[in-house]
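Letters A, B, ... mirror the listed sequences (proteins, then strands); counts begin at 1.
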Amino acid sequence: MTTTEKSDFIREIIDEDLRSNKNEGRVHTRFPPEPNGYLHIGHAKSICLNYGIARDYNGKFNLRFDDTNPEKEEQEYVDSIIEDVKWLGGDFEDRLFYASDYFEQMFQYAVDLIKKGKAYVCDFNGDEIRASRGTLTEAGKDSPYRNRSKEENLDLFSRMRKGEFPNGANTLRAKIDMASPNINLRDPIMYRIVHEGHHRQGEAWCIYPTYDWAHGLEDSIERITHSICTLEFENHRPLYDWFLENLEIYHPQQIEFARLNITYTILSKRKLLQLVREKHVDGWDDPRMPTIAGIKRRGYTADSIKVFCDKIGISKKDSTIDVAMLEWSIREDLNKNAQRAMAVLNPIKVVLTNYPENKTEELSAVNNPENESAGTRMVPFGRELYIDRDDFREVPPPKYYRLSPGTEVRLRYAYIIKCEKVIKDADGNLIELHCTYDPATKSGTETANRKVKSTIHWVNAAKAVDAEVRLYDRLFLKENPDEVEEGKDFLSNLNPNSLQVLKNCKLEPMLGQASPGDRFQFERTGYFCADVKDSKSGALVFNRIVTLKDTWAKIEQKGKK
RNA sequence: UGGGGUGUAGCCAAGUGGUAAGGCAGCGGCCUUUGGAGCCGCCACUCCCAGGUUCGAAUCCUGGCACCCCAGCCA
C-alpha cells in the first residue's frame, strides 16, 4: 500500500465539513442503485468512491435499492447487484436497505407537505402537464388544481392511495414555482398512480414516489451525510434541498461528479439491456459486456477494477477514459500474480527428427518470474510437439525473429531447434515441420547459453490437454459507439469479430487441473481465465481476459503502413 | 436571445498568486530463455480565447468562445 493520501474535490468538501463539525464528525455515504439492470463499470466507480470514502474516514456505507418504479424493477437485478457490490468489496455490513421500506414514512411526509399548503393533487393528464410546463425559455402556467383546499387535497391523496383512480388520472405535485427557470422546480410530481405489483411490496401500493421526491427522503431517513451522485442530477439539487427544507428534516448534502465513459464501450443501462434482449451478447454476464458480471466472468479481478477506479480520478469534467487504461489495470495485477503456463492456441505439429522415438524428459519451468515463491513445475518434452502457427513463417517478413525454414529458435525451458523441412499436403497446406534439436542447449545446462533471436512456447503433442479458448475483443468498432450515420444506431458499430472461438487448442498438462475461475498467463499470448460457467475438467474452456503487450504486432503493423 | 455545469498534453488528472505533479497511450534506448516484465530517457516555454490587475496569473477581474445537462407521471 502507498502512503499517499487520496484526494479529490469531494474529499475536500468532507474535510471542510469535518473541520466545521457539520455532522458531529460523522461520514455516511450510500450507493443507491435502481434494480432495473445489472451493475456496470460506471457503477463500480461510484461504489469505489462511496465505499472508499466511508472506509477512509471511518464512516459508514449503505447499500440501498432505489426501488420506486415497479414497472422496471425485478428481484433478479436485486440479487445480482448485491453480489456485485460485495465482489467489489463494498462492505455495507448489515445496512442493506430498500426505498420501498420507507413508503409509509414518505406518505406521511407528503401529508405534512399538503398540510403546509406546499403540495396538491393535480387532475391533469400527462399531456396537460407537459403542455402547461412551458419550455426552456418560457414560463409554465399554473394548474387550475393548484389552489385546492388542504382538506380536499388530503382527501384526494388518500383516495389515490386506496386505488380509487386509474393510472395517470392524477398526481401529487409540489407547489413551488411554475415560472422557475429551472424546469425541475415547476411543480414537480411527487406521486403517480401505478397499478402494478412491486417486487417487494406486492400489491400494497398503487401510488409510487418519484425520484426527486423520494431520494432526499431516503438519504435523510438513513442520516446520510454526503449524497454523491452524477452530474445530470445537478439541476435537481435545488429540488432535493427544497423538499428537505420545507419538511424541516435532516438535510444531507448532495454532491455531483462526472460519470464514467470508456472508449469502445457503452455504459447505458438501456442499451446494455437492448444488447441482452436482442441477443447481441450471451446475457448480462457475457465476457464482452462492461457489466460487473461480464467483467468478472471475463477474468478481471476485483483488485484491478479498484486500481482502475483509483487511477481515473474524480472530477466534474465530462470525460472518456481510454479503454487501454482498463486493460493496463488487469495486466498490472496479473503480471504479478498469475501463474504462467504454455498453451498453443493454433497448433502446428513439430517433429524433432533427431530426438529418440520413445524418449521423454521432464523439464523445469518457472511459475512466475515476478514472484520467486511461486516456485517451478515440470513440463514434459518429447519428439513430437505443437507450436503456434504464428511462430512459423515460411517466408519471414523483415524483423521476424521466430521460426522459418533454416532458422533456429529456443523452445522455452527446453532446447534450441532448427527448422529443416516443411511438410505439406497435395494442396499445399502446411502439415508439419521437421526440425532438429541441439542436445547441448538444454535449458539450465552449462552449454545452453547459445544466443538465438527468439524463444517460443510449445507443448508435448502426446501429453497435451485439449481445450476450447474464447478470444474476446472489444464489442464495438468505434471509439464512440454512439457516433453513427444518419438513421443508424449504436448496433451498427458492433464488432462482428468480438468473439473468436478456438476449439483445437493444446495446453500443457498442468492446465488440465484448472478450476473454473482460475487465471493464468499463457506465455507470450495473454491472460486467460477458466470460464466459470462452461469450463469442466475434461472439457476446458478458457476466456482471454486481455492480450499481452505485443511488440511484434506493432512492428508488423508499421511495416504494412 | 432560460437555467445549471465544465474547459490544463492523444486520454485521464494534480495545481488554490511565486514561475506546469503523476498515470495511461506514444516515441527512443538498455536488458531479457515470454518481441512479456523491468530499467533509463523523451513527450505542455504554457493552461479554451482576448483584454485587464499584479514585481509575478493556469490560479484574481472583465468580455467572449466551445462542449455537456434539463421541457418522463424514468432514475
Side-chain angles (χ1 to χ4, degrees), chain A residues 4 7-8 12 32-34 36 66 68-69 71-72 122 124-126 129-130 133-140 167-173 180-186 188-194 207-208 210-212 214-215 229-238 256 258 262-263 269-270 310-329 331 335-336 340 342 366 368-370 399-402 409-414 416 441 443-444 448-449 451-457 479 521-526 547-556:
Chain A
T4 51
S7 191
D8 52 62
E12 280 170 16
E34 183 191 13
N36 66 345
D66 202 4
T68 58
N69 183 359
E71 291 176 319
K72 293 185 175 176
C122 179
F124 267 169
N125 64 32
I129 288 197
R130 197 173 312 119
R133 185 154 31 218
T135 68
L136 294 178
T137 52
E138 299 162 58
N167 287 357
N170 48 28
T171 57
L172 184 72
R173 295 227 255 168
S180 172
N182 181 341
I183 290 182
N184 296 307
L185 262 19
R186 320 243 261 228
I189 288 165
M190 297 162 61
Y191 278 93
R192 73 279 207 185
I193 298 173
V194 183
I207 57 171
Y208 288 90
T210 57
Y211 170 88
D212 284 317
H215 205 85
C229 62
T230 44
L231 249 28
E232 66 271 28
F233 294 104
E234 206 154 22
N235 295 327
H236 296 244
R237 184 167 9 108
E256 311 84 13
I262 302 181
T263 56
K269 273 193 182 179
R270 200 208 94 225
D310 278 354
K311 290 283 178 191
I312 59 179
I314 298 295
S315 76
K316 297 190 70 157
K317 188 172 89 174
D318 286 313
S319 63
T320 302
I321 305 294
D322 191 333
V323 71
M325 188 79 99
L326 220 206
E327 296 173 345
W328 170 83
S329 71
R331 285 194 191 104
N335 174 47
K336 292 187 183 108
R340 311 287 130 121
M342 292 200 283
V366 172
N368 185 347
E370 304 296 314
K399 293 193 180 163
Y400 186 81
Y401 296 161
R402 282 110 96 150
V409 294
R410 170 170 291 281
L411 296 179
R412 176 138 237 229
Y413 301 123
I416 290 173
T441 58
S443 287
N449 293 329
K451 295 287 177 207
V452 285
K453 274 190 169 167
S454 82
T455 298
I456 65 172
H457 60 280
E479 207 170 287
Q521 184 197 96
F522 290 177
E523 291 210 35
R524 303 204 311 127
T525 307
T547 60
L548 245 26
K549 262 203 272 177
D550 190 345
T551 308
W552 164 242
K554 205 175 276 180
I555 293 167
E556 201 178 24

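- Salt bridge status for Glu234(A) with Lys316(A): present, with a side-chain N to carboxylate O gap under 4.0 Å.
- Spacing between rC31(B) and rC47(B) at atom P, rounded to whole Å, works out to 41 Å.
- Across all strands, Arg402(A) comes closer than 4.0 Å to base atoms (heavy-atom distances).
- Using a 4.5 Å heavy-atom cutoff, the side chains of Ile555(A) and Thr551(A) are in contact.
- Nearest-nucleotide positions on RNA chain B place Ser315(A) closer to the 5' end than the other of Ser315(A) and Gly126(A).
- Among the heavy atoms of the strands, none lies under 4.0 Å from Gly526(A).
- Within 4.0 Å (heavy atoms only), Ile314(A) reaches sugar-phosphate atoms of the nucleic acid but no base atom.
- Counting non-hydrogen atoms under 4.0 angstrom, Tyr400(A) reaches a base of the nucleic acid.
- Taking a heavy-atom distance under 4.0 Å as the criterion, the stretch of RNA chain B touched by chain A extends 5' to 3' from rG2(B) to rA75(B).
- Residue contacts for Ile416(A): at a heavy-atom cut-off of 4.0 Å it reaches no nucleic acid atom on any strand shown.
- By the 4.0 Å N-to-carboxylate-O rule, Lys72(A) lies too far from Glu34(A) to be salt-bridged with it.
- Contacts of Gln521(A) with the nucleic acid, taken as non-hydrogen atoms under 4.0 Å apart, include base atoms.
- Within 4.0 Å of His215(A), counting heavy atoms only, lies no atom of the nucleic acid at all.
- Arg133(A) comes within 4.0 angstrom of sugar-phosphate atoms only, judged by non-hydrogen atoms across all strands, and of no base.
- Looking at heavy-atom distances under 4.0 Å, Glu479(A) makes no contact with the nucleic acid at all.
- With ring centers used as reference points, Trp552(A) lies under 6.0 Å from Tyr400(A).
- Counting heavy atoms from C-beta outward, Lys311(A) and Trp328(A) have side chains that approach closer than 4.5 Å.
- Using a 4.0 Å heavy-atom cutoff across all strands shown, Lys399(A) reaches at least one base atom of the nucleic acid.
- Residue Leu136(A) is classed as a base contact, given a heavy-atom separation below 4.0 Å to a base.
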